[in-house]
Protein chains: 2
Amino acid sequence: MAGHASQTTSTPDTGSISTQASSVYDRLQTDILTGKLRPGHKLRLKDLIKHYDTGNSPLREALNRLSANGMVVREENRGFRVPPASADQLGEITRTRCWLEEIALRESIKNGDSDWEERIVLAFHWLARTAHRIDEASKSTSPEWEQHHREFHLALISACNSSILIDFCAELHQRAFRYRNLAEVVEYRDRHELEEHEELQWAVLRRDADKAVELLRKHHTVTAELLVETGHFD
Amino acid sequence: MAGHASQTTSTPDTGSISTQASSVYDRLQTDILTGKLRPGHKLRLKDLIKHYDTGNSPLREALNRLSANGMVVREENRGFRVPPASADQLGEITRTRCWLEEIALRESIKNGDSDWEERIVLAFHWLARTAHRIDEASKSTSPEWEQHHREFHLALISACNSSILIDFCAELHQRAFRYRNLAEVVEYRDRHELEEHEELQWAVLRRDADKAVELLRKHHTVTAELLVETGHFD
DNA sequence: TGTACAAATAATATCGAAAAAAGTAAGATA
DNA sequence: TATCTTACTTTTTTCGATATTATTTGTACA
C-alpha cells in the first residue's frame, strides 16, 4: 500500500541505491565518463529530469556534487554543462598523473607489507582473467575490464600511506578514462596492454622502484599519445 | 516591472551577488574552516536554515557541493556533519602536502618565467606588509593575513604547468588551515613566520630547488608538529 | 540597414509542503 | 530485568509550483 515506487529498490535490505540523488549522480557520472554525454553539451534540467526520470531536487543535488569534482561545469544562473575536452587537457592530466603516481608507487614499494602484495597479485589475476575472456577490440569499452583495470592501478599504490593521495590518483584515473572513451579508439594496434601490466606487476613485487616507475610512466604517456594521434575530442 | 535595478544588486552588470546557494556555500565553508563549526558536529538542516537565513534547496545544494570536496561528511538518509579531526589526519595532510608541493615547486622553478617571479615578489610584498601591520598574536586568525599567506604559497607553485596539481595543493592548504584554527594556538613562541617565508622566497628566486624544497618541507612539518603538541582536536 | 530598447520566452534558482526514512520511547511478553 | 514490538517524533529527502534571471524576438527610431 505504501510502496507505490517499485522501480527504485528491488533489494530493500541493504540500502543498495538509497537516495534518488545518489542514483542520478551515478548514472550521470557514467554517461559523462563513457562519453554518452559529449563534451560541451548543455545539460538542460528539463531534459535530464525526463531522461533520468527523477525530480528537480535530486537532480540538482547530483549536479552540484559533480560540479564540485569538476565532472560537470557550473555557471552561476546559467546552469550546467559537460566539461570541454582537449588534447592539452589530456596532456595535463597525464603529466599530473605521472607525478602523483610516481610518489604513491615509490612510497608503496617502500612501505608495502604482504597484504599489499596480495592485493596486487589478486588484482592482476582478475585483470588477466577478464582480458582473456574478452576479445581485444571491446576490451577498452567493457565496464568489467575497466573496473579491474582501475582496481589494479589502485592496488599498486594502496600502501602509500595517504588516502588523500589515493583519492587524487583515483580522480585522475577517472578523467583519463573519460578521454579513452571520447577518443573512441577502435584498434589498439600491436599494443599488448596485459603484458604491460604484467611487467609492471613484476617490477613492483620485485621492489624495483625505478623500473616500476619507468614502466608506469610509459604506460600512461603511450596511452595518451595514442589517444591524441588517433582520436579527436571536443 | 521591467525595472531591473531592484533590491538585491546595486551593481547589476556583473552578477556580483551570485546565487543564494553559493552564498551559503561560502559562509558554511568559512565557519567550518575557521572552526566555528566543530569537528563531528551534526549539521541539522532546520538549524542551518534558521542560522543562515536561507531556504531548503540552496542550503542542500551548498552541502552537497561541500560534501563532494570532503569539506562536510554526507551519510545517506542521515544528513550531514562536520568532518572529524585528528592528529593522524593532520599528519596525512602534511605528508601529502610536502609531496605534492615539492613536485609543483620543482617544476615551477624549472619552468617559471619572469611573470612568475613577479607574482612571487608581489605576493611576498603583501604578506610582509600585512604581517607588519598586524600584531603577532592575531596573525593566524586574521582573514587578511591568511589570504595573503595562501596567495604566496600558490604563487610559488603557479608555474608548475598543471592547474590540476595547483587545485590539489589549494585543497590541501585549506584542510591544513582548518587544523591551524582548530588547534587554537595562541602564542607562536619564538617562531618568525615572516622570515621563514622570506628565506623561502629567496631560495626560489635563486632557483635553488633543493634548498627551497627543504625550507618548504620544514615550514609545513614544523607547523604541523607545533599544532599537534599544543592543540587538541576532535 | 543597423542599433537600442522592450516585451515575450525559456531556463534556472528558490520556496513551502508532502513523503520517506531514521531515531526514540513506551508498553507487552517472557 | 531483558528484549522485542509498536506507535510516535524528528529529520531528511523529494515533489510541485513560484519567483528570478538570462536569452531571444520583435519593433520603433535614427
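In what follows, chains are A, B, ... by sequence order, proteins preceding strands, each numbered from 1. Atom set for the values below is all heavy atoms of this structure, side chains included, hydrogens, waters and symmetry mates excluded.
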* Does A/Arg78 pair with A/Glu76 as a salt bridge, N-O distance under 4.0 Å? -> no

* **Distance-only side-chain donor-acceptor flag, B/His220 / B/Glu101, under 3.5 Å** => yes

* To do: Pick base, sugar-phosphate or nothing for B/Arg78, based on heavy-atom distances below 4.0 Å to the nucleic acid.
  => sugar-phosphate

* Asked: Which class fits the ring pair B/His219 and B/His153: parallel under 30°, tilted 30 to 60°, perpendicular over 60°?
  -> parallel

* To do: Take atom CD of B/Glu75 and atom C1' of C/dG23, then tell me their distance rounded to the nearest Å.
  => 14 Å

* In whole Å, what is the span from the CD atom of A/Glu61 to the C1' atom of D/dT14? -> 9 Å

Between N or O atoms, less than 3.5 Å apart, protein on one side and nucleotides 16-18 of chain C on the other: list the pairs.
unit_1, atom_1, unit_2, atom_2, d
C/dA17, N6, B/Asn56, ND2, 3.2

* Asked: Salt bridge check: are A/Glu151 and A/Arg119 linked by an N-O gap of less than 4.0 Å?
  -> no

* Structure fact -> Whole-Å distance, B/Asn64 CG to D/dT14 P, equals 10 Å

* Could you work out which one of D/dC15, D/dT13, C/dC15 sits closest to the side chain of A/Thr54? => D/dC15

* Send over the distance from A/Tyr52 OH to D/dT14 P, rounded to a whole Å. => 17 Å

* May I ask you to check whether B/Asn64 and A/Tyr25 show a side-chain donor-acceptor distance below 3.5 Å? => no

* **Close residues, residues 36-47 of chain A, relative to DNA chain C [heavy-atom separation under 4.0 Å]** => A/Lys42, A/Leu43, A/Arg44, A/Leu45

* To do: Assess the side chains of B/Arg95 and B/Thr221: does a donor N or O sit below 3.5 Å from an acceptor N or O?
  => no

* To do: Calculate the interatomic distance between A/Gln20 atom CD and D/dT13 atom C1'; express it in whole Å.
  => 9 Å

* Asked: Looking at B/Arg175 and B/Glu171, does any basic side-chain N land under 4.0 Å from a carboxylate oxygen?
  -> yes

* Counting N and O atoms only, with roles assigned by atom type, does the side chain of A/Asp47 sit under 3.5 Å from a partner on the main chain of A/Leu43, one being a donor and the other an acceptor? -> no

* To do: Could you work out which one of D/dA22, D/dT13, D/dC15 sits closest to the side chain of A/Pro58?
  => D/dC15

* Structure fact -> Atom CG of A/Asn77 and atom P of D/dT23 are separated, to the nearest Å, by 10 Å

* Starting at CG of B/Leu63 and ending at C1' of D/dT13, how long is that distance when rounded to a whole Å? -> 13 Å

* Between D/dC15 (P) and A/Ile49 (CD1): distance, integer Å -> 9 Å

* Using distance alone, with no hydrogens and no angle criterion, decide if B/His173 and B/Arg97 have a side-chain donor and acceptor under 3.5 Å apart. => yes

